[in-house]
Amino acid sequence: MLYSFEIEKYLENLLPERDGLLQEMEEAALRETIPVVTPAVGNFLAWLVRTSKAARILEIGTAIGYSTIWLARAAEVNNGHVTTIDMNLARRQEASNYFDRSGLFGRITSLAGDARKILPGLAGPFDLVFIDAAKGEYLEYFNLVQRLIKPGGMLVVDNVLFRGWVVPGAEFEPKYVRIVNSLRDFLQELNNHPDFSTSVLPLGDGLSLSIKKV
Ligand SMILES: C[S@@+](CC[C@H](N)C(=O)[O-])C[C@H]1O[C@@H](n2cnc3c(N)ncnc32)[C@H](O)[C@@H]1O
């Protein structure tokens, strides 16, 4: 573990208290072991939406909708909208219940199915795309979303450092080799892609931020 849990906890404690709905979702995620973004990452996603004035947002990996609500709330001032995709029907249903209670009427469209099948049929363009689904599929999502991001638009990807295991020499269980190698390939591709300018932050489980060049 190269990134300290204590630092993440400290950053979380610095945040203003989340409202009842987000707190309830954080507890549900913990109870049901659903890997949602940390509160510090949720807060940062909201900051990115506000600072970039993103209005058309695409999310791959809804789970119970925790990050979706951070994104959609931040986009409200820009009359924004979030399209979010997940293939897990039970989680999508849970997310829908939270969306109904969030007051974000009409700001979220939830699509059911494998993102790799849905993305080719989406029109775009999107101001901001957030990827947080199967880590072994990141390169595939990246190839499919490039055409959907507007020039000057942003791509944000969660879990890219995967507990620090992408760092050469890090020790992890052999069952994670395939995912770690996929993430390494993805980060190489993303960082060297001529159409994108990328920074990777060690926030949460590692967050990559890319701007599509104009
Ligand atoms: C890490 S969770 C998403 C957490 C959510 N972004 C949050 O922070 O609140 C990953 C989600 O991606 C979904 N997923 C994985 N592979 C997928 C795929 N190929 N297409 C659509 N959804 C996928 C899983 O069902 C799971 O709910």
Side-chain angles (χ1 to χ4, degrees), residues 8 11-12 15 18-19 21-49 54 57-75 82-102 104 107-122 126 128-145 148 154-163 165-166 176 178-180 182-183 186 201 203-209:
E8 189 69 25
L11 294 178
E12 180 178 329
L15 297 176
R18 270 85 62 209
D19 72 344
L21 186 69
L22 284 181
Q23 286 186 29
E24 188 183 323
M25 294 175 82
E26 287 163 18
E27 284 160 21
L30 208 59
R31 199 171 50 244
E32 298 164 33
T33 55
I34 296 169
V36 301
V37 294
T38 63
V41 169
N43 183 63
F44 184 60
L45 290 174
W47 185 89
L48 283 175
V49 169
I57 299 170
L58 172 66
E59 175 181 63
I60 303 173
T62 319
I64 60 170
Y66 181 71
S67 52
T68 321
I69 289 182
W70 276 103
L71 291 165
R73 280 182 175 170
V82 181
T83 301
T84 184
I85 307 173
D86 207 293
M87 67 197 305
N88 181 317
L89 296 185
R91 284 185 186 172
R92 239 188 105 244
Q93 184 54 51
E94 207 175 327
S96 291
N97 294 336
Y98 287 122
F99 297 157
D100 287 346
R101 290 171 54 202
S102 69
L104 292 159
R107 297 216 175 273
I108 299 171
T109 299
S110 170
L111 303 177
D114 189 325
R116 294 168 298 176
K117 297 219 169 79
I118 291 176
L119 291 170
L122 290 187
F126 291 95
L128 188 150
V129 174
F130 176 52
I131 296 179
D132 185 19
K135 292 181 271 296
E137 297 172 2
Y138 277 8
L139 203 43
E140 287 178 79
Y141 307 144
F142 177 51
N143 288 328
L144 290 167
V145 296
L148 294 171
M154 201 182 302
L155 173 68
V156 184
V157 187
D158 194 27
N159 304 111
V160 295
L161 298 179
F162 197 17
R163 305 172 204 180
W165 294 342
V166 292
Y176 294 114
R178 194 186 64 81
I179 295 179
V180 168
S182 299
L183 282 171
F186 167 68
L201 300 183
L203 184 65
D205 197 24
L207 207 60
S208 70
L209 308 176

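The structure displayed is predicted, hence computed values, not measured ones. Indexing begins at 1, ligand by ligand and atom by atom, following the structure's order.
Listed for the Asn97 side chain is no donor-acceptor partner under 3.5 Å among the backbone atoms of Asp100. No side-chain donor-acceptor contact under 3.5 Å links Asn43 to the backbone of Pro39.
Shown in contact with Pro35 at under 4.0 Å from a heavy atom are these atoms of ligand 1, numbered in order with element: 1 (C), 2 (S), 4 (C). Each of the following atoms of ligand 1 lies closer than 4.0 Å to a heavy atom of Val37: 7 (C), 8 (O). Residue Tyr141 approaches ligand 1 through these ligand atoms, each under 4.0 Å from one of its heavy atoms: 16 (N), 17 (C), 18 (C), 19 (N). Ligand-side atoms of ligand 1 in range of Arg91: 26 (C), 27 (O), range being under 4.0 angstrom from any heavy atom. Close approach of ligand 1 to Glu137 (heavy-atom distance below 4.0 Å) involves ligand atoms 16 (N), 18 (C), 19 (N). Using a 4.0 Å cut-off to heavy atoms of Tyr66, the atoms of ligand 1 that qualify are 9 (O).
Atom CD1 of Ile34 is separated from atom CG of Asn88 by 8.0 Å, given to the nearest 0.5 angstrom. One finds the CD1 atom of Ile108 at 9.5 Å from the CZ atom of Arg73 (value rounded to the nearest 0.5 Å). Taken from OG1 in Thr83 to CD1 in Ile57, the straight-line distance is 9.5 Å, to the nearest 0.5 Å.
Counting heavy atoms under 4.0 Å from ligand 1, residue Thr62 touches it through the backbone alone.
Scored by the side-chain contact (heavy atoms from CB on, under 4.5 Å) test, Ala115 finds Ile60, Ile85, Leu119, Tyr141 as partners (sequence neighbours excluded).
Checking only distances, Ala115 does come within under 3.5 Å of ligand 1, N or O to N or O. Below 3.5 Å of separation, one finds an N or O of Gly61 facing an N or O of ligand 1. In terms of polar-atom proximity, Met87 is counted as a contact of ligand 1, with an N or O under 3.5 Å from an N or O of the ligand.
Ligand 1 has at least one atom lying under 4.0 Å from a heavy atom of Gly113.
Residue pairs meeting the side chain to side chain donor-acceptor pair (under 3.5 Å) criterion with at least one partner in residues 24-38, sequence neighbours excluded, are Glu8-Thr38, Arg18-Glu26, Glu24-Arg101, Glu26-Tyr66.
Between Asp205 and Lys135, no side-chain nitrogen of the basic residue sits less than 4.0 Å from a carboxylate oxygen of the acidic one, so the salt-bridge criterion is not met.
Atom 14 (N) of ligand 1 has as its closest protein heavy atom Ala133 CB, 3.8 Å. Nearest non-hydrogen protein atom to atom 25 (O) of ligand 1 is Asp86 OD1, 2.7 Å. Here the protein heavy atom with the shortest distance to atom 15 (C) of ligand 1 is Ala134 N, 3.6 Å. Scanning all protein heavy atoms for the shortest distance to atom 4 (C) of ligand 1 gives Asp132 OD2, 3.3 Å. Protein heavy atom nearest atom 9 (O) of ligand 1, with residue, atom name and distance: Ser67 N, 3.0 Å.
For the residue pair Glu94 and Ala28, the shortest heavy atom distance occurs at OE2-CB, 4.3 Å.
The shortest distance between side-chain heavy atoms of Ile131 and Tyr138 falls below 4.5 Å.
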